[in-house]
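Here's the structure, in C-alpha cells; my notes come after.
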Amino acid sequence: QVQLTESGGGLVQAGGSLELSCSASKVTFSNNIMGWYRQAPGKQRELVASITSGGTTNYADSVTGRFTITRNNPKNLINLRMESLKPEDTGVYYCRWWRRVTPTSSYWGQGTQVTVSS
C-alpha cells in the first residue's frame, strides 16, 4: 500500500509564496500520477495540479501561471510551488497518488493546511 508523506503549508499573506512537498513510499508501479487537491471550508475537494510519471502536467484554471508542480521520479517526490497566493487559495491541501491503468488504485495523504490572509 502506497504511503504519502506531506510537508509544507502554513500561513502566508496574500501575494506571498509557499511550497508543498509529497513523497510516496512503497510504490510498486512506475506508471502513475501524483498531484495535489484542495478543499476549502464548505466546498468540494478540487484538483489543483497533477503530474504523470512521464512528466505531463495539468493545472486548475484558477492556479495556472501561479503554481508549478514538479516531480522527482526516482524519489517518488512531487513539489508544488505556489506563488502570488490569494485568500481564495486557502484550504486543506491533499496529496494523491493514483493509477488509471490496471491495476487501478488511489491513495491520499492526510492533508496540510494552507491559509492565505488578506
Side-chain angles (χ1 to χ4, degrees):
Q1 181 169 340
V2 174
Q3 295 180 344
L4 301 174
T5 303
E6 302 156 333
S7 62
L11 173 64
V12 66
Q13 289 188 332
S17 301
L18 281 175
E19 185 162 325
L20 305 180
S21 296
C22 175
S23 63
S25 60
K26 301 184 179 180
V27 174
T28 56
F29 294 98
S30 59
N31 186 354
N32 58 71
I33 307 169
M34 294 183 70
W36 289 95
Y37 286 68
R38 70 185 177 195
Q39 187 165 20
K43 294 187 177 181
Q44 290 187 332
R45 192 174 296 187
E46 62 175 353
L47 175 67
V48 174
S50 66
I51 184 166
T52 70
S53 50
T56 300
T57 58
N58 181 42
Y59 295 94
D61 290 343
S62 60
V63 307
T64 298
R66 300 187 298 121
F67 291 12
T68 303
I69 190 168
T70 56
R71 179 167 181 153
N72 183 323
N73 275 333
K75 296 183 178 180
N76 290 303
L77 174 70
I78 60 169
N79 289 304
L80 183 68
R81 177 68 179 172
M82 305 183 292
E83 298 179 337
S84 302
L85 283 162
K86 304 175 181 180
E88 50 263 44
D89 294 318
T90 294
V92 179
Y93 283 66
Y94 297 90
C95 180
R96 183 189 181 197
W97 182 103
W98 71 101
R99 280 174 54 88
R100 291 201 181 108
V101 295
T102 302
T104 59
S105 54
S106 177
Y107 300 93
W108 292 89
Q110 292 187 334
T112 184
Q113 178 70 43
V114 172
T115 303
V116 184
S117 63
S118 57

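What you see below is based on every heavy atom in this structure, not just the backbone, and it leaves out hydrogens, waters and symmetry mates. Keep in mind that what you see is a predicted model, and the values were worked out from it rather than measured.
Considering CD of Q110 and OG1 of T5, their distance stands at 8.5 Å, rounded to 0.5 Å. Atoms CZ and OH, on R66 and Y59 in that order, are 12.0 Å from each other to the nearest 0.5 Å. One finds the OG atom of S105 at 10.0 Å from the CD atom of Q1 (value rounded to the nearest 0.5 Å). Annotation: the span from L80 atom CG to R71 atom CZ amounts to 14.0 Å, rounded to 0.5 Å. Taken to the nearest 0.5 Å, the CD1 atom of I69 stands 4.5 Å off from the CD1 atom of I78. Distance check: L77 CG to S7 OG gives 8.0 Å after rounding to the nearest 0.5 Å.
One hydrophobic cluster, built from ILVMFWY side chains closer than 4.5 Å, cannot hold both Y37 and M82; they sit in different ones. Transitive grouping of hydrophobic side chains (ILVMFWY, heavy atoms separated by less than 4.5 Å) brings Y107 and L20 into a common cluster. Using a 4.5 Å cut-off between side-chain heavy atoms of Ile, Leu, Val, Met, Phe, Trp and Tyr, with links allowed through other members, W108 and I33 fall into the same hydrophobic cluster.
Considering only heavy atoms from C-beta on, L18 comes within 4.5 Å of V114 through its side chain. Looking only at side-chain heavy atoms (C-beta outward), T112 and W36 come within less than 4.5 Å of each other. With contacts defined as side-chain heavy-atom distances shorter than 4.5 Å, the pair W97/V27 qualifies. Residues Q13 and V116 have side chains not in contact (no heavy-atom distance under 4.5 Å, counting atoms from C-beta outward).
Considering every non-hydrogen atom in both A24 and V2, the closest pair reads CB-CG1, 4.0 Å. Here the closest non-hydrogen pair linking W98 and S50 is CH2-CB, 3.8 Å. Smallest separation of non-hydrogen atoms from E6 and G111: OE1-N, 2.6 Å.
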For a side-chain contact (heavy atoms from CB on, under 4.5 Å) check, start with the C-alpha distance between N31 and V101, then their side-chain angles and the critical distance, and finish with the verdict. CA-CA 8 Å; N31 186 354; V101 295; 3.9 Å; yes
Stepwise side-chain contact (heavy atoms from CB on, under 4.5 Å) check, R38 with V63: CA-CA 12 Å; R38 70 185 177 195; V63 307; 3.9 Å; yes
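A donor-acceptor pair under 3.5 Å is absent between the side-chain atoms of T102 and the main chain of T104, judged by distance alone. Between the side chain of T90 and the backbone N or O of P87, at least one donor-acceptor pair lies under 3.5 Å.
Cation-pi geometry between R45 and Y94 is met: the NZ or CZ atom falls under 6.0 Å from the ring centre, inside 45° of the normal.
R81 and T70 share no side-chain donor-acceptor pair at under 3.5 Å. Side chains of T115 and Q113: a donor on one and an acceptor on the other come within 3.5 Å. Under 3.5 Å, the side chains of S53 and N32 contain no donor-acceptor pair of N or O atoms.
Within the structure, disulfide bond (SG atoms under 2.5 Å apart) pairs that include any residue of residues 26-118 comprise C22-C95 (at least two apart or interchain).
Aromatic ring pairs are classed by plane angle as parallel below 30°, tilted from 30° to 60° and perpendicular above 60°; the pair F67 and Y93 is tilted.
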